[in-house]
Structures are given as C-alpha cells and as structure tokens.
Amino acid sequence: MSNVNITSLDLTQNHIVGAMPFGLCRLSDQIQVLAADCDQVYCSCCTRCDSNGTRAPFMAPGSPPPTPHPRLTAVPSLQPSLEPTAPGPPTPRPTSPTPQPTLDPFCKSIIQTSKRCYTVGESISVIFSNCDPTITDWIGIYNIDEPEDALFDPLLSHRTCINAPCWGVKQFSTIALDGSGRGSYNWPLPSGRYKIYLFRGGSAVGPHTFFSKSLFITVADDSCW
C-alpha cells in the first residue's frame with residue numbers, strides 16, 4: 001500500500017469488527033481522513049467514527065489506481081468489557097426558595113394598653129403591633145420620670161411571645177405585665193404614672209433603646225374614677 005496515495009478512507013458500514021490493522025495506521029501520514037464504526041472497531045488512528053460522504057476512497061489526481069487488497073477479517077475485540085453499574089441515587093428536584101415576607105414601608109410599630117388606668121395589683125394588658133418582629137424583642141415598663149435616653153433595668157418586662165419558652169416571633173399580640181414576668185419583686189407596682197416601651201435586644205445592663213412607646217398610664221390605689 002506504500003504506492004497508493006489515499007487521502008480519505010471510509011470503512012464505516014462494512015460490517016467490520018475487531019481491531020483496525022496496524023498497517024493502515026502506519027499510513028496516517030498519507031491518509032488525512034480515516035473513518036470507521038468505532039462501536040464495532042478498535043481504531044487508535046481513526047479521525048472519524050462515522051461516515052461523512054462517499055464510501056469510495058478519495059485519490060489524488062494523477063495517482064495510480066489502488067492495488068486491491070483482501071477484505072479485512074474480523075478479529076476479537078480488544079476493547080475491555082464494561083461491567084454493569086448500579087444506578088445512582090435520583091437527582092433531587094430543585095425546590096423553590098421560601099419567599100421572605102416583605103416589610104410594608106408604611107407599617108408602624110405600635111404599643112398601647114387596653115386602658116389608661118389600672119388599680120394597684122391589677123394586671124396591665126399590653127397590645128402591640130411589631131412591623132419587623134424578631135425573637136429578641138421585649139416590652140418593659142418604667143416610671144414616667146425615667147429619662148428615655150437612660151432606660152436601664154425596667155420595673156417589669158416580658159418578651160413579645162406569650163408563653164415561655166419563646167417559639168417564633170409575634171407581629172400582633174397581647175401580653176400581661178404582672179408578677180409572672182421579670183421584675184416580680186416590683187409587683188404590685190405602686191400608684192403612679194408609667195410608660196411602656198418596645199425594645200429589641202440590647203445588653204443585660206443597658207441603657208436600652210426602644211423603637212416604640214405607649215402613652216403614659218396611671219396606677220391608682222383604690223379606683224380610677
């Protein structure tokens with residue numbers, strides 16, 4: 001075959017199986033395109049694994065006709081057999097992200113009491129609306145003469161959840177300030193005027209910074225009338 005100037009050789013769809021003869025691979029400097037059925041033939045020098053045009057060899061102009069060669073015989077495949085593999089776990093389906101609540105730009109956190117006057121020993125019912133609640137929010141009550149830039153330890157306080165332990169957050173709720181929360185040693189509150197504030201976090205000592213406050217309330221000795 002050294003006298004044959006073949007630039008393209010297509011051996012696909014010839015029912016050839018096994019390995020490509022080494023003699024063809026030695027002509028790789030002459031054959032620019034060598035095609036074979038790679039699923040049936042082991043060929044380390046093939047440039048294509050499927051047919052792409054006529055099956056007749058392409059010969060350069062002026063070259064002598066090719067010398068006929070015997071048909072290639074099948075030889076045992078040199079490709080290693082692949083062991084079946086167990087299917088992998090199913091690909092999990094993507095889940096949509098949980099939508100986050102959108103803060104209303106017109107929302108205003110409010111804290112107020114169920115009434116403006118309580119008698120000594122009467123539980124103080126506090127109603128609050130918290131636009132952006134967190135688990136660190138809490139409510140505290142102070143004497144009305146306490147400066148608002150120096151609010152340290154409250155007389156009574158309660159987290160914005162109703163029961164302990166606190167689970168989740170509360171945007172709208174009602175709690176009671178009485179001897180059941182922190183500051184029970186100050187209960188009952190003596191007669192006087194007080195303010196209630198809504199706080200977030202803060203140190204254990206203070207001063208604490210509030211983000212909402214109530215109107216003042218009155219605690220009376222005997223009667224509110």
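Just so it is clear, the structure is predicted and the values come from calculations on it, not from any experiment. Just so it is clear, the values below take in all heavy atoms, side chains as well, and ignore hydrogens, waters and symmetry mates.
- Nearest heavy atom pair, residue C131 against residue S109, reads N-OG, 3.1 Å.
- Remark: N130 CG to T160 OG1 distance equals 6.5 Å, nearest 0.5 Å.
- Here the closest heavy-atom approach between residue R193 and residue T218 is recorded as CG-OG1, 4.0 Å.
- R200 places no side-chain N or O within donor-acceptor distance of the main-chain N or O of T136, the cut-off being under 3.5 Å.
- With rounding to the nearest 0.5 angstrom, the SG atom of C117 is 10.0 Å from the CD1 atom of I124.
- What you find for S184 and G179 is that their closest heavy atoms are CB-O, 3.2 Å.
- Using a 4.5 Å heavy-atom threshold, the side chains of I111 and V126 count as touching.
- W138 places no side-chain N or O within donor-acceptor distance of the main-chain N or O of L198, the cut-off being under 3.5 Å.
- Linking Ile, Leu, Val, Met, Phe, Trp and Tyr whenever their side-chain heavy atoms come within less than 4.5 Å puts L156 and I217 in one cluster.
- The cluster map of Ile, Leu, Val, Met, Phe, Trp and Tyr, joined by side-chain heavy atoms under 4.5 Å apart, puts F199 and L155 in different clusters.
- In terms of modelled atom types and a separation under 3.5 Å, the side chain of S125 and the main chain of S114 share no donor-acceptor contact.
- Without hydrogens or angle criteria, S214 side chain to K195 main chain gives no donor-acceptor distance under 3.5 Å.
- Linking ILVMFWY residues whenever their side-chain heavy atoms come closer than 4.5 Å, directly or via other members, leaves F210 and F216 in distinct clusters.
- Each of Y194 and I110 belongs to its own hydrophobic cluster when Ile, Leu, Val, Met, Phe, Trp and Tyr are linked at side-chain heavy-atom distances under 4.5 angstrom.
- Rounding to the nearest 0.5 Å gives a distance of 9.0 Å between OG1 of T119 and CG of D222.
- Inter-residue side-chain proximity for P154 and I141 is flagged as unmet; no heavy-atom pair is nearer than 4.5 Å.
- Smallest separation of non-hydrogen atoms from H158 and A176: CD2-O, 3.9 Å.
- If you chain together hydrophobic residues whose side chains sit under 4.5 Å apart, I196 and V219 fall into the same group.
- Residues W187 and L177 form no side-chain contact, since every pair of their non-hydrogen atoms from C-beta on lies 4.5 Å or further apart.
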In residues 143-152, what donor-acceptor pairs under 3.5 Å come from side-chain atoms, sequence neighbours left out?
unit_1	atom_1	unit_2	atom_2	d
E148	OE1	K213	NZ	3.1
E148	OE2	Y197	OH	3.0
E148	OE2	K213	NZ	3.1

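- Expressed to the nearest 0.5 Å, how far CD1 of I139 lies from CZ of F128 amounts to 5.0 Å.
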